[in-house]
**Q** 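Handing you a structure now.
We count residues from 1, following the sequence as given.
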Amino acid sequence: MQIKISDDAFNWFKEEMEVSPGESVRFFVRYGGASKLQPGFSLGVTKDQPHEMAVQVEEDQVTYFIEQSDVWYFDGHDLQVTVNDDLHELDYSYSKQNA
């Protein structure tokens, strides 16, 4: 499993969430919303400190991660994070990992 974040999404985190070096950003599962992977659940994002990271990516000394307890949501898929240019908000897509 991997997290792939586009350059425009990294910029979105800096501008909209005001992340700075040394901070961590968590992608987490929340109840409700719409998802292509798990009906009745959706993906959220927040500044948080890792406890049991399953996967991470670092950019400009900021760690973006998913906790072990949320891995079930991805069902063997990688997470791609981009920005919807029309709405100026994050957009998540998923691709099946190669076996």
**Q** Taking the side chain as every heavy atom from C-beta outward, state whether W72 and V29 have any atom pair closer than 4.5 Å.
**A** yes

**Q** Applying the 4.5 Å side-chain criterion to the ILVMFWY set and letting contacts propagate, would F65 and V25 be lumped into a single cluster?
**A** no

**Q** Side chains of E89 and V83: does their closest heavy-atom pair fall under 4.5 Å?
**A** no

**Q** Show your reasoning for whether side chain to side chain contact (heavy atoms under 4.5 Å, CB included) applies to Q38 and D75.
**A** CA-CA 9 Å; Q38 303 291 347; D75 190 30; 4.0 Å; yes

**Q** Find out whether M1 and H77 are in side-chain contact, i.e. whether some heavy atom of one side chain is under 4.5 Å from a heavy atom of the other.
**A** no

**Q** Could you give the side-chain donor-acceptor pairs of residues 16-23 under 3.5 Å, partners two or more places apart or in another chain?
**A**
residue: E16; atom: OE2; partner: H88; partner atom: NE2; Å: 3.3
residue: S20; atom: OG; partner: E23; partner atom: OE1; Å: 3.3
residue: E23; atom: OE1; partner: S20; partner atom: N; Å: 2.8
residue: E23; atom: OE1; partner: K47; partner atom: NZ; Å: 3.4

**Q** Rounded to the nearest 0.5 Å, what separation is found between the CD1 atom of I5 and the OG1 atom of T82?
**A** 10.5 Å

**Q** Which heavy atom of G32 sits nearest a heavy atom of S42, and at what distance?
**A** O-OG, 2.8 Å

**Q** Under the ring-ring contact (aromatic ring centres under 6.0 Å, His included) test, which residues partner F10, sequence neighbours left out?
**A** Y64

**Q** Do the non-hydrogen side-chain atoms of L37 and L43 ever get within less than 4.5 Å of each other?
**A** no

**Q** Give a yes or no on this: more than 12 heavy atoms of other residues, nucleotides or ligands lie within 6.0 Å of atom CD of E52.
**A** no

**Q** When rounded to the nearest 0.5 angstrom, what distance separates CG in D48 from OG1 in T63?
**A** 12.0 Å

**Q** Measuring only between side-chain heavy atoms, which start at C-beta, is Y73 closer than 4.5 Å to F27?
**A** no

**Q** How long is the gap from OH on Y94 to CG on D78, to the nearest 0.5 Å?
**A** 12.0 Å

**Q** Would D60 and K14 pass as an ion pair if we require N to O under 4.0 Å?
**A** yes

**Q** Without hydrogens or angle criteria, can the side chains of R26 and T46 be said to hold a donor-acceptor pair below 3.5 Å?
**A** no

**Q** With rounding to the nearest 0.5 Å, note down the distance linking CD in Q80 to OG in S6.
**A** 10.5 Å

**Q** Is there side-chain contact between V45 and F13, with at least one heavy-atom pair below 4.5 Å?
**A** yes

**Q** How long is the gap from OG on S95 to CG on L79, to the nearest 0.5 Å?
**A** 9.0 Å

**Q** One pair to check against side chain to side chain contact (heavy atoms under 4.5 Å, CB included): K4 and V57. What are the steps and the verdict?
**A** CA-CA 8 Å; K4 300 172 185 173; V57 64; over 6 Å; no

**Q** Centre-to-centre under 6.0 Å for Y31 and F41, is that the case here?
**A** yes

**Q** Got a second to check how far I3's CD1 is from F74's CZ, nearest 0.5 Å?
**A** 7.0 Å

**Q** Any side-chain heavy atom of L90 within less than 4.5 Å of one from V81?
**A** yes

